[in-house]
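In what follows, chains carry the letters A, B, and so on, assigned in the order in which the sequence lines appear, proteins first and then strands, with residues in each chain numbered from 1. In what follows, every heavy atom counts, from backbone to side chain, and hydrogens, waters and symmetry copies are set aside.
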Amino acid sequence: MSLTQHQADAGAATGPQGKRKPHFGTGRSEFVVVAVLYAAAVFLTIGTVTMNVQGKSAPGPQFFPILVCIVLYLVATLLAIQIIRSPKVPDNSIHPGHGQFSADMLHDLGHLGQEEDEAYDNAPSQTPTKTWKTYSDWRTVGVLLGGVVAFVALLEPLGWIISAASLFWLVAYALGSRRPIFNIGVGLLFSSVIQLAFGAALGLSLPSGFVGVIF
Amino acid sequence: MEQLELLMGGFTSALTPINLLWVLIGALLGTAVGVVPGLGSAMAVALLLPVTFSLEPTAAFIMFAGIYFGGLFGDSTSGILLNTPGHSSAIASTFEGHRMAKSGQAAKALATCAIGAFIGGLIATTLVVFFAPTLVKMATVFGPAEYFALAVFAFLAISAVVSESVIRGIAALGIGLALALVGIDGPSGTARFTLGMPQLFDGISVIVITVGLLALGEVFHIASRIHRDPIVSRIETKGRARLNLADFRKALPAWLRGTAFGAPFGLIPAGGAEVPTFLAYGTEKQLAKRRNDPEFGTTGSIRGLAAPEAAANATAGTAMGALLALGLPTSATAAIMLAAFQQYGMQPGPLLFERSGNLVWALLASLFIGLVILVMINIPFASVWAKLLSIPKHYLYAGITVFSMLGVYAVSSSVLDLWLLIGIGLIGFLMRRYNIPLAPVLIAVILGPMAETELRRALAVSEGDLGTLVGSPITATLYAVLAAALVLSAVQHLRHRSGRKV
């Protein structure tokens, strides 16, 4: 329905692509978030316990981190329980919305009814034409992640112009541009304009890399 | 009327040719990021902050003023033409706006939005000019306990009251608070969670966090879907966007009603324009039902579009007042503006008007100038702006990726910042993937340190007595209102849940 992310419960949503048998992990990939939250909480706990406290103010520097730790442990556990009790739809169905706002509240405030929900559901972007094994396209995300990691690793040895142009080219390619030769030019132009505009005019120091050593 | 005099002073410093150029650049950039779905003023300011650091503060803030309102001028374009709102502040304008576009009134709809945004912003900014000194006077009686209560109010309102899932909202809040803890603890000088790395002694830069969450996270999110989501078709707009007198007369009361809904919400940390826009839309819907308006829900009613548009910009206008006078960011965009002030070594709040009065009044004056410029570049060129929707996404996001790297590297020429950026970008992607709200992270990062300092100060004064936190009438009222809002939203969630099961 509507503006939202009210995802149907897992059982109901196996409909169109219900061939594969749901196993325990189906619709529960959100455990990644639980893991991140626990990791953050454990990191804060270790940091708080081993903290080399300076001074002796009454609520010291460990006081607030302890509160944050409690919040993180609590919320991670509650989230895990919620995921176990009601998994989301399997990964390969479309679930729009960003979760930023309570759809229930907006529904009440806006006196929304059937017609708005339908108008929104008929939005073209939400008609699935094909289904995939996972909701996210991990191949594209992986290429992109590899690209930014390589950029950061090579920025100082290669210099801004070359590494930024390569990053531009790679992202454009991964996101579906089909003009690889032309894009080399676009990328080089883009990174050089930035070097000139921000490096020379606004005085940012961008690494020049080996190109700078030669000249 | 001391304010008028000060505002005139602000106008004289803002109306120099070079500053007008900065407003114009800000307005152009703001409209552009508003039109393109997924971007927005918060991301634009975050990306520009580091590269504008060599400008003098007044020039930078004058440009940010243009961006701040500009993002709300273009935001409904994609909703109207594509029926896919690019920003959550534009969802309420999409219903009637897209109906108008489908019945051949696309240009009229875009004009209604631009004028609505102008009227809402104008009235709200005027209110700020007149009431800012009152707010400042109010804020001077605030002590540590009051500031802590205000921060708690903002945290819980944004993460629990208005968010879809309370658990995910609080999770986002926790992530933000944890990020804000890294660095040297001010009061005691203790290094916290720095892993012994001196680069982290100053904490994780707010720029790294906002660019990671808003820009790089969005790029990862787009990458995860770009080969899968079907392409949407766009309704063409022809001719100039204009309204005739009859339309104007019809829309005027709706613009004013929308402004009335929007203006108070700028002062409440409810996350921005979503709540007031839906309130405004709902009111117009009820009114249309009462007077049997045949257009509403069929060919599209101009009123149903005008009210939410005015409400969105009115909220943004008064949010600026709350930010300047109280130092309280009530939306993600306002939080970035606060970060911008901190970058320049200024702390919004009562003292700002005394210490940097010139800058504040120049900023307020440039908000007015920005609105005039925005309405001038939006009404005649509405269909030109709509062409931005057809920029190839791969170039757009390639550019954003490179620009995020540039911005973060520019902060302190540190490669460590870039690694942090990638990590935070991945967190931003996970949050988008699993519908975890982003606004609580930003509010927590910005207000977290303030909340901690004020809490410790209050407890140090009272020697550990927790009663001091709820002791004064102001704090008691804030907590009571917060508790009531939490109960109301819980009831609402439960009611809808039982409604769905039937």
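Residues A:Leu67 and B:Leu177 form no side-chain contact, since every pair of their non-hydrogen atoms from C-beta on lies 4.5 Å or further apart. Counting heavy atoms from C-beta outward, A:Phe168 and B:Thr401 have side chains that stay 4.5 Å or more apart. Looking at A:Arg178 and B:His394, their side chains never come closer than 4.5 Å, going by heavy atoms from C-beta outward. Contact annotation: the side chain of A:Phe151 never approaches that of B:Val402 to less than 4.5 Å [non-hydrogen atoms, C-beta and beyond]. Looking at A:Phe43 and B:Leu195, their side chains come closer than 4.5 Å, going by heavy atoms from C-beta outward. Inter-residue side-chain proximity for A:Leu167 and B:Met405 is flagged as met; some heavy-atom pair is nearer than 4.5 Å. Contact of the B:Leu430 side chain with the A:Val32 side chain is registered, since non-hydrogen atoms from C-beta on lie closer than 4.5 Å.
Nearest heavy atom pair, residue B:Ala223 against residue A:Leu144, reads CB-CD2, 3.8 Å. The nearest pair of heavy atoms linking A:Pro65 to B:Glu452 is CD-OE2, 4.4 Å. Summarising the geometry of B:Ala178 relative to A:Leu72, their closest heavy-atom pair is CB-CD1, 4.3 Å, with the distance given to 0.1 Å.
Looking at A:Thr48, both its backbone and its side chain come within 4.5 Å of chain B, counting heavy atoms on both sides. Proximity to chain B is limited to the side chain of A:Ile194, based on heavy atoms less than 4.5 angstrom apart. For B:Leu426, the part lying near chain A is the side chain, with the backbone staying farther off; criterion is any non-hydrogen pair under 4.5 Å. Neither the backbone nor the side chain of B:Ala92 comes within contact range of chain A; no heavy atoms are under 4.5 Å apart. Interface remark: B:Leu488 contributes no atoms to any contact with chain A (heavy atom separation under 4.5 Å). Proximity to chain B (any heavy atom under 4.5 Å) is shown, for A:Trp169, by neither the backbone nor the side chain. Only the backbone of B:Ala191 comes within less than 4.5 Å of a heavy atom in chain A; its side chain stays farther off. In this structure, the portion of B:Ile422 lying under 4.5 Å from any heavy atom of chain A is its side chain and not its backbone. Looking at A:Phe190, the atoms closer than 4.5 Å to chain B (heavy atoms on both sides) all sit in the side chain, from C-beta outward.
In this structure a side-chain-to-backbone donor-acceptor pair under 3.5 Å is present from B:Arg192 to A:Pro61. With hydrogens and angles ignored, the 3.5 Å screen pairs a side-chain donor or acceptor of B:Thr190 with a backbone N or O of A:Gln54.
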Give the intermediate values and the outcome of side-chain contact (heavy atoms from CB on, under 4.5 Å) for residues B:Tyr395 and A:Asn183.
-> CA-CA 9 Å; B:Tyr395 288 143; A:Asn183 285 350; 2.4 Å; yes
Please lay out, stage by stage, how B:Leu421 and A:Val148 fare under the test side-chain contact (heavy atoms from CB on, under 4.5 Å).
-> CA-CA 10 Å; B:Leu421 172 74; A:Val148 287; over 6 Å; no
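Ring pair A:Trp138/B:Phe429 is perpendicular by interplanar angle, where above 60° counts as perpendicular and below 30° as parallel.
For residues 408-415 of chain B, heavy-atom neighbours of chain A at less than 4.5 Å comprise B:Tyr409, B:Ala410, B:Ser413, B:Val415, sorted by residue number.
With rounding to the nearest 0.5 angstrom, the CG atom of A:Leu78 is 5.0 Å from the CD1 atom of B:Ile167.
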Donor-acceptor list for residues 34-41 of chain A side chains, cut-off 3.5 Å, not counting sequence neighbours:
unit_1: A:Tyr38; atom_1: OH; unit_2: A:Thr77; atom_2: OG1; d: 2.7

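When each of A:Gly147, A:Ala76, A:Pro207 is checked for heavy-atom pairs under 4.5 Å with chain B, A:Pro207 comes out on top.
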